[in-house]
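What follows is a single structure, written as structure tokens, with notes after it.
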Protein chains: 2
Amino acid sequence: MLQASANIDTSETLTERQKAVLDAALRLLVEEGDQLTMTAVARRASCSKETLYKWFGDRDGLLTATVQWQASKVRVAPVDREGHIASLTASLERFASDWLNVISSDTSIALNRVAVSHAGSGKDNLGAVVLENGRFALARRLKPVLEAGRQAGLLDFSDAETAFRSFFGLVARDVQIRLLLGDRLELTEATIGGDAARATQQFLALFGAKTGPQGL
Amino acid sequence: MLQASANIDTSETLTERQKAVLDAALRLLVEEGDQLTMTAVARRASCSKETLYKWFGDRDGLLTATVQWQASKVRVAPVDREGHIASLTASLERFASDWLNVISSDTSIALNRVAVSHAGSGKDNLGAVVLENGRFALARRLKPVLEAGRQAGLLDFSDAETAFRSFFGLVARDVQIRLLLGDRLELTEATIGGDAARATQQFLALFGAKTGPQGL
DNA sequence: GCCGAACCGTAACGTACGGTACGCTATGTG
DNA sequence: CACATAGCGTACCGTACGTTACGGTTCGGC
């Protein structure tokens, strides 16, 4: 049986067939939420329940493997580290836009829902996995950009974590919690772009180096 | 049977006994999360299951009534509307502090968890109730303060909703989602005060009227 | 061609829990 | 006192679903 961990890349140890099964489970998770049944997964994946139990141990194991499988699929594009303000602004807007697209996707909503549901009851591995591959992964990707901005004299902050969290708040605002709670909040390509630009300008107004406020 | 609605104040129509039962359900919800059973509620409240069904219809009705009952207990202190910057800053800090205290409370976390869990499956009344009495209620309370600040020439924004959402993001940042996902994030009285002050200063830096930046 | 392993499909088991029925007690009310 | 009503406790029913068991099929290795 496969073991669960918060940050192991399970995509290495999975066979193609297993990946296909997890993809089926993922689709089912998006469609039906947490109340997907082992029977439904087996039927959708055209495999036997016995195989599911042999591979993943129990229902929680299957859920965890599914969440990790989705997490392992999200891979990061490296960002340039040039020192001019245009590049920094573009990078920040890109991050903001990416993040808004992620948290508003059906997959993210479904995964966060099931992770939140399981977070209360003891074995809250799912919440840790989602956080690790969501918010914490974003922080790890963004912090080098912030640091580069500071090195280039474009940004001014004492703690990268604090700066990141403010950026995070300016970008996401109430979007994620409203979506998780079922609020119909349509985010189009246009509004996401606008929100990303607005959040970036606000962030630069707060953390931009004193030598030259960039509008807003 | 009681009817469910997003914004009816049910505290009027509930008997003392019913309130006691809902308090028991609420405590159980905080302790055990969504997997509380009707039997457990009946035992905790020292009432019969039949009474629960007669009063609340079914399990969803009980859950909804419980969430509404908690919502009805949160009542608001009016804020002063004087026009000086000290008063505005104090009000904003107060709101920020209150909000952080709310979203980090066990009760709020439990309620949001169960509402998120139910949001995927059709009858997502709970999510609407939580949003209505949480984030939307906060907006209704805060917007008059923002408008007053604008009238007094202390704030500058075109849309109160947009300004509110930025304030919301600066205050909450990643706190709520991390708590819902089970992250151990200790918020003490001191850190909440500091965060509230920081968020308020950031908000004033972004939306304060041009005539005099207030530090930061 | 034979063997064992892996796996599919499905039937069956056990249990937890939502929902219902019923007997009992207590408290009015004429 | 007779009666009705409200509500407690509990036994019970039906079902959904996690889990297991088992017969049948495919496939690689000898």
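In the text below, chain A, chain B and the rest are named by the order of the sequence lines, each starting its count at 1. Just so you know, these numbers come straight off a predicted model, no measurement behind them.
In this structure, A:F207 and A:F157 have perpendicular ring planes: the angle between them is above 60°, well past the 30° mark. The aromatic rings of A:W99 and A:F168 sit tilted, their planes meeting at an angle between 30° and 60°.
The side chain of A:T51 places no N or O atom within less than 4.0 Å of a non-bridging phosphate oxygen (OP1 or OP2) of C:dC7. Phosphate contact (OP1/OP2 of C:dC17, side-chain N/O of B:R43, threshold under 4.0 Å): absent.
A:L52 has its CG atom 16 Å from the C1' atom of D:dA21, to the nearest Å. What separates CD of B:Q18 from P of D:dA6 is a distance of 12 Å, to the nearest Å. Going from atom CH2 of B:W55 over to atom C1' of D:dG7 covers 8 Å, rounded to whole Å. Rounded to whole Å, atom P of C:dC7 lies 14 Å from atom CD of A:E16.
In this structure, A:E32 does not pair ionically with A:R44, as no charged nitrogen and carboxylate oxygen lie closer than 4.0 Å. The pair A:D34-A:R59 counts as a salt bridge, with a side-chain nitrogen and a carboxylate oxygen less than 4.0 angstrom apart. Using a cut-off of 4.0 Å between Lys/Arg side-chain N and Asp/Glu carboxylate O, B:D23 and B:R27 are scored as not salt-bridged.
Counted within 6.0 Å of CG on A:N101, heavy atoms from surrounding residues, nucleotides or ligands total more than 12; the atom is thus considered enclosed.
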Base-contact (B) and sugar-phosphate-only (S) positions in nucleotides 15-20 of chain D, heavy-atom cut-off under 4.0 Å, - elsewhere: --SSBB
